[in-house]
Protein chains: 2
Amino acid sequence: MVDKEKVRGCILLSALKRFSHYGFNKTTMAEIAKDCSMSAANLYRYFKDKAEIGLCITKNHFEREHKIIIDIIERKGSPSKKLGQVFLALVNYNASEFDNSPAIMELVDHVCTNGSELIDAHREKMHFFISKILKEGQQSGDFRVSNIDETAKTIAFASIPFHATPVFLLLKCGGHTRETMQEMALRVADLMVKGIKKKKK
Amino acid sequence: MVDKEKVRGCILLSALKRFSHYGFNKTTMAEIAKDCSMSAANLYRYFKDKAEIGLCITKNHFEREHKIIIDIIERKGSPSKKLGQVFLALVNYNASEFDNSPAIMELVDHVCTNGSELIDAHREKMHFFISKILKEGQQSGDFRVSNIDETAKTIAFASIPFHATPVFLLLKCGGHTRETMQEMALRVADLMVKGIKKKKK
DNA sequence: AAGATGAATATTAACTTGATTATTCATTAT
DNA sequence: ATAATGAATAATCAAGTTAATATTCATCTT
């Protein structure tokens with residue numbers, strides 16, 4: 001028996017390539033199946049339907065994003081710097097995912113209308129990660145934050161332009177290049193960090 | 001001769017009402033004309049075409065927004081507080097404009113594709129206003145900002161979720177209420193202000 | 001049984017074409 | 001002249017039809 005996960009992986013990869021290039025709607029199940037050398041009917045043994053394939057791709061995207069952030073958090077280094085690194089990593093990861101993906105907005109649309117649980121969970125995760133950095137800074141004495149939860153919520157909100165896909169794509173359309181976005185990520189993070197840094201005597 | 005500006009104002013107001021309720025596309029020139037007791041043909045003596053009406057409405061919207069900000073800037077008060085007031089005013093003005101406007105996104109779409117100069121000019125203005133607040137703070141000794149222009153750009157970028165209409169509407173769809181947005185506006189501004197405040201000895 | 005398929009059916013999307021709407025212009029009214 | 005209009009034309013939209021695609025299922029293969 002061939003590893004079921006391998007097959008699922010092939011389907012998701014083929015689907016993502018086509019969704020990125022030609023769009024979620026224009027991509028047919030037959031095409032995805034052909035890329036994996038199988039019949040369209042057989043796809044349904046691995047995924048409930050096309051919609052689920054789209055959501056699954058997004059789930060994986062979010063999970064990779066989380067891994068990147070966790071790596072940064074677990075790294076040695078000052079919490080002050082970590083926030084900027086996270087913001088920058090978000091821009092870089094999303095830019096690399098969405099460059100050369102002219103039709104990706106269709107998948108985003110699909111997720112926005114059919115994957116609100118996914119999005120909610122992602123928001124929670126972001127909030128959790130930023131809380132973690134704040135707590136670390138609090139303990140190490142780098143930060144002085146009176147209400148960690150509220151501050152994390154604020155910073156998570158400010159991070160939206162750097163990773164929330166529709167906003168991110170919107171900004172790229174609105175004349176912001178990858179370089180501007182990187183710069184803004186670092187500067188916004190920096191300004192907020194300055195706001196919570198413990199004053200040196 | 002009836003004041004030409006009065007007529008233009010009537011057209012713009014009628015159009016906005018219909019665009020907000022029924023959408024830019026569903027609204028016909030005949031309907032707008034009827035609201036102003038004139039023929040559809042006559043509209044073309046006041047506006048080049050329907051597209052221009054949409055852009056003109058947006059221009060006025062931006063101008064009102066600018067007036068609100070100028071008022072805040074010219075007010076007596078500490079520059080530290082003004083930034084938060086501006087962010088909050090942006091949320092409130094945009095929320096009041098777009099509540100009860102179920103179809104406004106169509107107009108936004110139109111402006112995004114056909115009004116890039118308008119949008120660019122608006123961005124510049126925002127940058128200018130924030131620079132002004134920073135300079136005031138610098139002079140009064142409230143702030144210590146090494147590069148005013150860059151910092152203004154950063155803060156202007158961070159303000160996007162609070163007034164850039166497509167992002168604003170996106171966030172409202174994404175579970176953010178008017179109250180959350182108000183809270184976030186104040187908190188984000190506050191955190192950035194803390195980052196540029198001159199340390200007390 | 002598990003893995004896969006082709007053919008059958010249900011959904012969607014693409015393509016007409018008839019109807020609406022945007023826009024122009026010659027003409028009328030003031 | 002300026003202001004406005006109705007009728008004519010051009011562009012766009014919408015309803016209905018046809019073609020493609022998604023999804024199911026009975027069947028075949030291993």
Side-chain angles (χ1 to χ4, degrees), chain A residues 1-58 102-103 105-115, chain B residues 1-58 103 105-107 109-115:
Chain A
M1 163 173 127
V2 181
D3 189 351
K4 200 151 185 172
E5 279 312 304
K6 282 264 162 60
V7 180
R8 281 176 60 96
C10 174
I11 295 170
L12 291 174
L13 188 64
S14 310
L16 175 56
K17 278 186 190 164
R18 287 189 178 270
F19 292 167
S20 300
H21 271 305
Y22 312 111
F24 180 75
N25 299 314
K26 283 269 173 63
T27 298
T28 71
M29 293 298 266
E31 286 165 346
I32 298 170
K34 200 174 175 188
D35 293 344
C36 301
S37 315
M38 61 170 67
S39 68
N42 202 33
L43 289 175
Y44 291 84
R45 296 190 52 254
Y46 295 91
F47 294 96
K48 189 176 141 288
D49 53 21
K50 191 176 167 184
E52 196 187 69
I53 294 179
L55 295 182
C56 210
I57 286 172
T58 306
M105 199 61 197
E106 277 182 31
L107 177 58
V108 174
D109 269 353
H110 167 59
V111 177
C112 286
T113 36
N114 304 300
Chain B
M1 163 173 128
V2 180
D3 188 350
K4 200 151 185 172
E5 280 311 305
K6 281 264 163 63
V7 180
R8 281 176 60 96
C10 175
I11 295 170
L12 291 174
L13 188 64
S14 310
L16 175 56
K17 277 186 190 164
R18 286 189 180 270
F19 292 168
S20 299
H21 271 305
Y22 312 112
F24 180 76
N25 300 313
K26 283 268 173 65
T27 298
T28 72
M29 292 299 267
E31 285 166 346
I32 299 169
K34 200 173 174 191
D35 292 345
C36 302
S37 316
M38 59 170 66
S39 68
N42 202 33
L43 288 175
Y44 292 84
R45 296 190 53 252
Y46 296 90
F47 295 95
K48 190 177 141 285
D49 53 20
K50 189 176 168 183
E52 197 186 70
I53 295 178
L55 295 181
C56 211
I57 286 172
T58 306
M105 198 62 197
E106 276 181 33
L107 177 59
D109 269 353
H110 168 59
V111 176
C112 286
T113 36
N114 305 299

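The shown structure was predicted, so the numbers you read here are calculated from the model rather than taken from an experiment. Order of the sequence lines sets the chain letters (A, B, ...), proteins ahead of strands, with each chain counted from 1.
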Nearest-Å distance, [atom1] ([X]) to [atom2] ([N])?
X	N	atom1	atom2	result
Y46(A)	dG3(C)	OH	P	6 Å
I53(B)	dA22(C)	CD1	C1'	11 Å
D49(B)	dT9(D)	CG	C1'	17 Å
N42(A)	dT27(D)	CG	C1'	14 Å
L43(A)	dT5(C)	CG	C1'	12 Å
Y44(A)	dG6(C)	OH	P	15 Å
M38(B)	dG6(D)	CE	C1'	16 Å
K4(A)	dA4(C)	NZ	C1'	12 Å

Practice item. Indicate whether OP1 or OP2 belonging to dA2(C) is found under 4.0 Å from a side-chain N or O atom of R45(A). Key: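 No, R45(A) has no side-chain N/O under 4.0 Å of OP1/OP2 on dA2(C).
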
**Study point:** Within residues 24-36 of chain A, residues whose heavy atoms come under 4.0 Å of DNA chain D
**Key:**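 Per residue number, the list reads T27(A), T28(A), M29(A), A30(A).
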
Review point. Considering all heavy atoms of both residues, which atom of A15(A) and which atom of I32(A) are nearest to each other, and what is their separation?
Key: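 A15(A) and I32(A) have their closest heavy atoms at CB-CD1, 3.9 Å.
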
Exercise for review: State which residues pass side-chain contact (heavy atoms from CB on, under 4.5 Å) with R8(A); sequence neighbours excluded, sorted by chain then number.
Suggested key: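 Here the qualifying residues are E5(A), Y46(A), F47(A), C56(A).
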
Practice item. State whether the side chain of N42(B) and the backbone N or O of M38(B) hold a donor-acceptor pair below 3.5 Å, judged by distance alone. Key: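 Looks like no, no N/O pair under 3.5 Å.
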
Exercise for review: Give F47(B) one of three labels, base, sugar-phosphate or nothing, depending on what nucleic acid heavy atoms sit under 4.0 Å from its own.
Suggested key: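 Answer is nothing: F47(B) stays at 4.0 Å or more from every strand.
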
Practice item. List in chain and number order the residues that pass ring pair (Phe, Tyr, Trp, His ring centres under 6.0 Å) with F19(A), two or more places apart in sequence or in another chain; answer none if no residue qualifies. Key: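 F24(A).
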
Practice item. Decide, yes or no, whether a salt bridge links R18(A) with D35(A) under the criterion of side-chain N to carboxylate O below 4.0 Å. Key: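 Salt bridge flag = yes for D35(A) with R18(A).
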
Exercise for review: Side-chain contact test, heavy atoms from C-beta onward, threshold under 4.5 Å: evaluate it for H110(B) versus L55(B) and give yes or no.
Suggested key: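 In short, these two side chains touch, coming nearer than 4.5 Å.
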
